[in-house]
Protein chains: 2
Amino acid sequence: MSNAIEILVIDDEPQIRKLLNITLQSNDYKVKEALNAREGLSIAANHPPDLILLDLGLPDESGHVVLEKLREWYTKPIIILSVQSNEEDIVKALDSGANDYLVKPFRTGELLARIRSLLRSSSSESENPILTSNDIQVDLAMRVVKKNNVTVKLTVTEYNLLALLVKNEGKVLTHQYLLRSIWGPSYINQSQYLRVYIAQLRKKIEDNINNPLHIITESGIGYRFV
Amino acid sequence: MSNAIEILVIDDEPQIRKLLNITLQSNDYKVKEALNAREGLSIAANHPPDLILLDLGLPDESGHVVLEKLREWYTKPIIILSVQSNEEDIVKALDSGANDYLVKPFRTGELLARIRSLLRSSSSESENPILTSNDIQVDLAMRVVKKNNVTVKLTVTEYNLLALLVKNEGKVLTHQYLLRSIWGPSYINQSQYLRVYIAQLRKKIEDNINNPLHIITESGIGYRFV
DNA sequence: CCATTTTTATAAAATCTTTATACATTTTGT
DNA sequence: ACAAAATGTATAAAGATTTTATAAAAATGG
């Protein structure tokens, strides 16, 4: 199944990874594993999962640092798994953006219930299949874009960019954010990519390219869909 | 304060209520108390709070039942507080719609952190802070400024300056402070920059440039937004 | 081979910095 | 008290710099 829920496990202990792997997979989650902070951040960035299980005691970097780096852009649930049960660590993690904190050893049934709880509240928010804005219709479920009821043919990248802009209608999305979301975090300096694709999108959906009414340039910052 | 965050405590133990009352109020939450299930459901329905702390061991009805009845309509966070630490109760509560489950006795710092975490994820998406001052609206999340509901096009520097002034409405911000905040510490002598940009902002948001009503000059000191 | 993505090049547009000038207010010297 | 000087402010406009739009060539991957 391609639309299975993906969970990224960042933990250096093989036993824990094995336990989580078996537990999660037998509950129909697709599991990805990272053995350290570097690998975790890389996998999360290149193919963002639906939820992250993060160990605080990683070999190469503090889990607190990983959490903060993730939260610079990652908005879905993060659950901390840690042997540390002192209040200070728990409060720090929760205030850094963790959604939950379980002390090892944890009970797998409780972990699964907490995962279900977080997935429930994070998924229910983004279910607007068809977004309409004047003459433009974007059907996120079908991945189809129409202009005046005529289907517009977009490439994958063009569609991803337009969908992201439409999902955040009215909001200014920075170059950094757009590049990281579409191409990945290592592309945040390639503003040229954006310009090329914005131009291509405008050619396809704007009536008058010299006076774009949908994709607005915010010079020095980014772009905005209205 | 009328826009304080309201938390409803449903618990029959007086000591717990007293502890929660003191802890929550000293963290600027407004607290309402219910001593049993019937009262809890009634208060929640008549004046829905922003978050509910629910004890599972209530005298008149099982907390699990209260939770299910609340979740028929109540969508904001519910945290369970219970002496029961067995997995069965925890899983049942979380699957019935609880957002978190703390075993009594709990640590107040951790409880507060978990409350902050839940309030963060439930409120940040629904409402973004729009600062309104008469005919001027500044939407910090969207990075959009409107005058009489018409979007005003501002450059990066203009926006940064206006946002800083608006965030400190009524307060006088010194030249030094403004220059350091917008241009950096090495520019604190470039008062001319400020004058140029204040003039440009006034041209865009004031009705009458010769009688500015929003951006006020404090001669020899700085500027002020009203 | 073809559709798409990435790279390159260049003109145009937008923005920032600097300079110049005018005006208003306060301070200084007599 | 008065004029001159000094200080602080407002604004326009020139120039320098940064950012953006666009076409088109080269590279990539099925």
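Salt-bridge annotation for A:Lys147 and A:Asp207: present, with a side-chain N of the basic residue lying under 4.0 Å from a carboxylate O of the acidic one. Using a 4.0 Å cut-off between a side-chain N of Lys or Arg and a carboxylate O of Asp or Glu, A:Lys104 and A:Asp55 qualify as a salt bridge. Using a 4.0 Å cut-off between charged nitrogen and carboxylate oxygen, B:Asp100 and A:Arg114 count as a salt-bridge pair.
Distances from the side chain of B:Tyr193 to the nucleotides C:dC16, C:dT17, C:dT4 place C:dT17 closest. Nearest nucleotide to the B:Lys153 side chain, out of C:dT15, C:dT5, C:dT8: C:dT15. Comparing C:dT18, C:dT5, D:dT22 by their nearest atom to the side chain of A:Ile209 picks out D:dT22.
At whole-Å resolution of the value, CG in A:Asn208 and C1' in D:dT22 are 15 Å apart. Rounded to whole Å, atom C1' of D:dT7 lies 18 Å from atom CD of B:Glu218. When the P atom of C:dA14 is taken as reference, atom CG of A:Asn211 falls 11 Å away, rounded to whole Å. A straight line from CG of B:Leu154 to P of C:dA14 spans 15 Å, rounded to a whole angstrom. Rounded to whole Å, atom C1' of C:dA14 lies 15 Å from atom CD1 of A:Ile216. What separates NZ of B:Lys204 from P of C:dA14 is a distance of 11 Å, to the nearest Å. With rounding to whole Å, B:Ile198 atom CD1 is found 15 Å from C:dT17 atom P. Following rounding to the nearest Å, A:Tyr159 (OH) and C:dT4 (C1') show an atom-to-atom distance of 18 Å.
Residue B:Ser219 places at least one side-chain N or O under 4.0 Å from the OP1 or OP2 atom of D:dT9. For the pair A:Arg195 and D:dT20, the criterion of a side-chain N or O lying under 4.0 Å from OP1 or OP2 is met. In this structure, B:Lys203 reaches the D:dA12 phosphate: one of its side-chain N or O atoms is under 4.0 Å from OP1 or OP2. Within the 4.0 Å cut-off from OP1 or OP2 of C:dT5, at least one side-chain nitrogen or oxygen of A:Tyr197 is found. Of the side-chain N and O atoms in A:Trp183, one or more sit less than 4.0 angstrom from OP1 or OP2 of C:dT6. Between A:Arg202 and D:dA21, a side-chain N or O to OP1/OP2 separation shorter than 4.0 Å is present. Proximity of B:Tyr223 to the phosphate of D:dA10: a side-chain N or O atom is located under 4.0 Å from OP1 or OP2. Considering only side-chain N and O atoms, B:Thr217 lies under 4.0 angstrom from the phosphate OP1 or OP2 of D:dA10. The side chain of A:Thr155 places an N or O atom within less than 4.0 Å of a non-bridging phosphate oxygen (OP1 or OP2) of C:dT5.
A:Val156 comes within 4.0 angstrom of the backbone, heavy atoms only, and of no base. Among the protein residues, A:Ser191 comes within range of no part of the nucleic acid, since none of its heavy atoms lies under 4.0 Å from any strand.
Taking OG1 from A:Thr157 and CG from A:Leu194, the interatomic distance works out to 11.0 Å, rounded to the nearest 0.5 Å. Once rounded to the nearest 0.5 Å, the distance linking OG1 of A:Thr132 with CG of A:Asp135 reads 10.5 Å.
For D:dT22, its base sits under 3.5 Å from the side chain of A:Gln192 at one donor and acceptor pair at least.
Both B:Gln200 and B:His175 lie near DNA chain D, and the one whose nearest nucleotide falls closer to the 5' end is B:His175.
Neither side chain, B:Asn134 nor B:His214, offers a donor N or O lying under 3.5 Å from an acceptor on the other.
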